[in-house]
Chemist: 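Input: one structure, supplied below.
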Amino acid sequence: MQRRSVRKIKKEWQKADFYDYNLLSVVIVLICFGLLMLYSASSYEAAMQWNDDMYYFRHQALISLLSVVVAFLISRMDYHLFLRWSPFLFVLSLVLMAMVKYSRFGVEAGGSKRWLNFGIQFQPSEIAKIALILFLSYIILKIEKQINSTKSVICLLLLGGIQAVGAYYFTENLSTALIIQGICCFMIFLVHPKIKPFLIAVIVFVLIVAVSIFYLSQNMNGSSNFRIRRLLAWIDPEKYSSMGGYQVLQGLYAIGAGSFLGKGLGNSIQKLIMIPEAQNDMIFAVICEEFGLFGAILVLLLLGYLLYRLFCIAQNAPDLYGTLIVGGIFIHISLQVILNIFVVLNVIPTTGVTLPFVSYGGTSALFLMTEIGIALSVSRAIHFQQNIFLKG
């Protein structure tokens with residue numbers, strides 16, 4: 001498809017009134033299934049802690065409803081409006097993350113200080129992910145012809161590095177920092193004409209990680225650093241169960257207990273205190289126990305179809321800006337799905353990443369649906385263009 005100017009697309013977009021209903025449908029199905037699993041996974045803990053078995057379900061249902069409304073409203077907007085606001089959003093996200101550490105609005109929960117409370121509590125690091133996608137798309141659009149230069153790549157990596165360091169330093173959230181830097185690297189990969197430098201970088205990175213893991217496993221048998229403890233628990237969860245391996249072990253037991261068809265909805269045993277906060281990062285393990293391998297595959301197929309719809313929108317977007325935005329959203333959701341499932345399966349150390357549209361988390365749900373709204377906004381321009389082509 002031939003790319004057209006942003007100005008021309010903006011004029012045509014204003015007349016458009018189409019949606020990618022397939023994307024919207026699969027997201028709603030995932031949200032509804034997520035709410036069902038959330039109630040199953042959290043009802044016991046909610047009853048014990050809050051004397052209300054629907055405490056977590058009620059909160060997530062309300063924020064999910066609000067998120068769908070927000071996504072609908074954003075999808076009615078022209079996505080080119082973000083061209084003007086993306087630099088401001090990038091700076092704002094850094095300021096909000098800094099406020100977590102240095103202002104009285106910062107809130108600590110679960111041993112981590114990652115939230116802001118302005119009457120409504122939220123994680124500013126989630127805003128940083130969207131802000132980075134929009135700002136990188138804006139910068140790449142500006143330097144499109146010079147994207148293959150080393151200077152341009154370094155500048156883009158620095159922008160991602162600033163956000164990643166901000167997320168790590170201000171909110172002590174390493175997993176979010178890794179996701180942010182991952183989004184940056186993959187977005188550069190999408191537009192850069194050469195593959196060889198990225199292959200070399202990946203090989204060097206894997207070697208560094210492998211050597212580091214080997215060294216730590218041989219020399220750090222009892223560390224006070226919780227990240228080192230997580231690494232040791234990943235290497236040998238049974239030996240280091242008291243140092244962070246307990247949750248991983250219980251998750252693996254849940255997956256094994258589910259067999260192929262599972263124990264049935266609500267019949268998970270591991271969610272009863274054995275898996276701490278099962279409604280968050282480890283909800284996929286509960287899905288495996290209650291619905292078995294069959295249910296896990298269905299969830300992965302739904303998530304895969306969601307990513308496929310995003311891929312189609314990115315591939316057929318009428319301009320480079322639309323492709324970059326939806327490509328960034330695709331990368332973000334892909335990384336979260338992969339990291340969450342890999343953690344549950346103990347393929348990688350525990351990172352604290354939620355499963356998109358399924359795990360409990362109001363901030364995550366709201367900003368993920370904001371991204372879906374942006375993708376729907378881009379899809380409207382595609383449908384309009386195809387409609388004109390068919391009529392012409």
Side-chain angles (χ1 to χ4, degrees), residues 1 3-4 6-35 60-86 88-89 122 126-127 129-138 141 183 302-303 305-334 336 356-358 362-388:
M1 181 185 294
R3 303 291 181 184
R4 294 171 291 162
V6 169
R7 185 175 298 177
K8 187 174 181 180
I9 296 295
K10 287 172 71 175
K11 289 181 179 179
E12 292 181 349
W13 189 96
Q14 293 173 358
K15 303 176 184 178
D17 193 20
F18 297 91
Y19 275 88
D20 187 337
Y21 287 106
N22 292 323
L23 174 62
L24 184 62
S25 298
V26 71
V27 169
I28 291 176
V29 169
L30 278 168
I31 289 174
C32 292
F33 178 77
L35 289 172
Q60 190 72 4
L62 289 173
I63 199 68
S64 297
L65 179 61
L66 173 63
S67 300
V68 172
V69 173
V70 168
F72 173 77
L73 293 175
I74 291 176
S75 70
R76 305 295 298 183
M77 296 168 53
D78 182 352
Y79 64 93
H80 297 98
L81 293 173
F82 294 109
L83 277 168
R84 178 183 301 176
W85 292 103
S86 58
F88 169 76
L89 289 173
F122 65 97
E126 295 295 331
I127 302 176
K129 298 173 186 176
I130 301 179
L132 180 68
I133 292 170
L134 296 174
F135 190 53
L136 280 182
S137 301
Y138 167 79
L141 199 64
I183 292 170
L302 286 172
L303 289 167
Y305 185 67
L306 182 152
L307 293 171
Y308 169 73
R309 293 312 309 167
L310 290 174
F311 175 80
C312 290
I313 295 172
Q315 188 180 40
N316 295 284
D319 58 3
L320 179 61
Y321 187 58
T323 296
L324 290 170
I325 293 176
V326 182
I329 294 169
F330 173 91
I331 292 165
H332 171 209
I333 296 177
S334 299
Q336 287 213 189
F357 308 105
V358 179
T363 307
S364 177
L366 178 60
F367 289 107
L368 280 170
M369 283 305 296
T370 298
E371 293 181 3
I372 294 299
I374 296 171
L376 288 170
S377 176
V378 176
S379 75
R380 293 180 65 192
I382 300 170
H383 290 165
F384 176 78
Q385 185 182 18
Q386 291 174 345
N387 192 42
I388 293 296

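Treat the numbers as computed from the prediction; the structure is a model and nothing was measured.
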Chemist: What pair of heavy atoms forms the shortest contact from I325 to I374, and how long is it?
Modeler: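 For I325 versus I374, the nearest heavy atoms are CG2-CG2, 3.4 Å.
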Chemist: Begin with the C-alpha distance, continue with both residues' side-chain angles, and end with the deciding distance and a verdict on side chain to side chain contact (heavy atoms under 4.5 Å, CB included) for I183 and I133.
Modeler: CA-CA 8 Å; I183 292 170; I133 292 170; 3.8 Å; yes
Chemist: Could you tell me which non-hydrogen atom of A375 sits nearest to which non-hydrogen atom of V326, and how far apart they are?
Modeler: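 Looks like CA-CG2, 4.1 Å.
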Chemist: Please report the C-alpha distance between H332 and L368 in whole Å, then the side-chain angles of each, then the deciding distance to 0.1 Å, and finally whether the side chain to side chain contact (heavy atoms under 4.5 Å, CB included) criterion is met.
Modeler: CA-CA 9 Å; H332 171 209; L368 280 170; 3.8 Å; yes
Chemist: What residues form a side-chain hydrogen bond (donor to acceptor under 3.5 Å, both in side chains) with Q60, not counting sequence neighbours?
Modeler: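 Expected list: none.
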Chemist: Quick one: CG on L324 to CG on L136, what's the gap to the nearest 0.5 Å?
Modeler: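 If we round to the nearest 0.5 Å, L324:CG and L136:CG are 9.0 Å apart.
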Chemist: How many angstroms lie between CD1 in I127 and OG1 in T363, if you round to the nearest 0.5 Å?
Modeler: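 OG1 of T363 is found 8.0 Å from CD1 of I127.
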Chemist: Using atom types as modelled and distance alone, determine if a side-chain donor or acceptor of S75 lies under 3.5 Å from a backbone N or O of S377.
Modeler: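 Here the side-chain-to-backbone pair does not exist.
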Chemist: With rounding to the nearest 0.5 Å, note down the distance linking OG in S64 to CD1 in I28.
Modeler: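 Going from OG on S64 over to CD1 on I28, the span is 11.0 Å.
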Chemist: Would a 4.5 Å heavy-atom cut-off, applied to side chains only, mark F33 and L302 as touching?
Modeler: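 Not in contact.
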Chemist: Is the backbone N or O of I313 less than 3.5 Å from a side-chain atom of S379, with the two atoms forming a donor-acceptor pair by type?
Modeler: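 Flag not set: sc S379 to bb I313 has no pair under 3.5 Å.
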Chemist: Of all the heavy-atom pairs spanning S67 and L366, show the shortest one and how long it is.
Modeler: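 Closest approach of S67 to L366: OG-CA, 3.2 Å.
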Chemist: Which heavy atom of L83 sits nearest a heavy atom of Y321, and at what distance?
Modeler: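 So the two residues come closest at N-OH, 3.3 Å.
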Chemist: Could you walk me through whether M369 and V70 pass the side chain to side chain contact (heavy atoms under 4.5 Å, CB included) check?
Modeler: CA-CA 7 Å; M369 283 305 296; V70 168; over 6 Å; no
Chemist: Taking the six-membered ring for Trp, are W85 and F88 parallel (under 30°), tilted (30 to 60°) or perpendicular (over 60°)?
Modeler: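 The rings of W85 and F88 stand perpendicular, inter-plane angle above 60°.
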Chemist: Tell me whether the rings of F330 and F311 are parallel (<30°), tilted (30 to 60°) or perpendicular (>60°).
Modeler: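 The arrangement is tilted - the two ring planes meet at 30° to 60°.
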Chemist: List the steps, then state whether side chain to side chain contact (heavy atoms under 4.5 Å, CB included) holds for D319 with H80.
Modeler: CA-CA 10 Å; D319 58 3; H80 297 98; 2.7 Å; yes
Chemist: Does any pair with a residue in residues 22-35 pass side-chain hydrogen bond (donor to acceptor under 3.5 Å, both in side chains), and if so which ones, sequence neighbours excluded?
Modeler: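 Residue pairs with at least one partner in residues 22-35: there are none.
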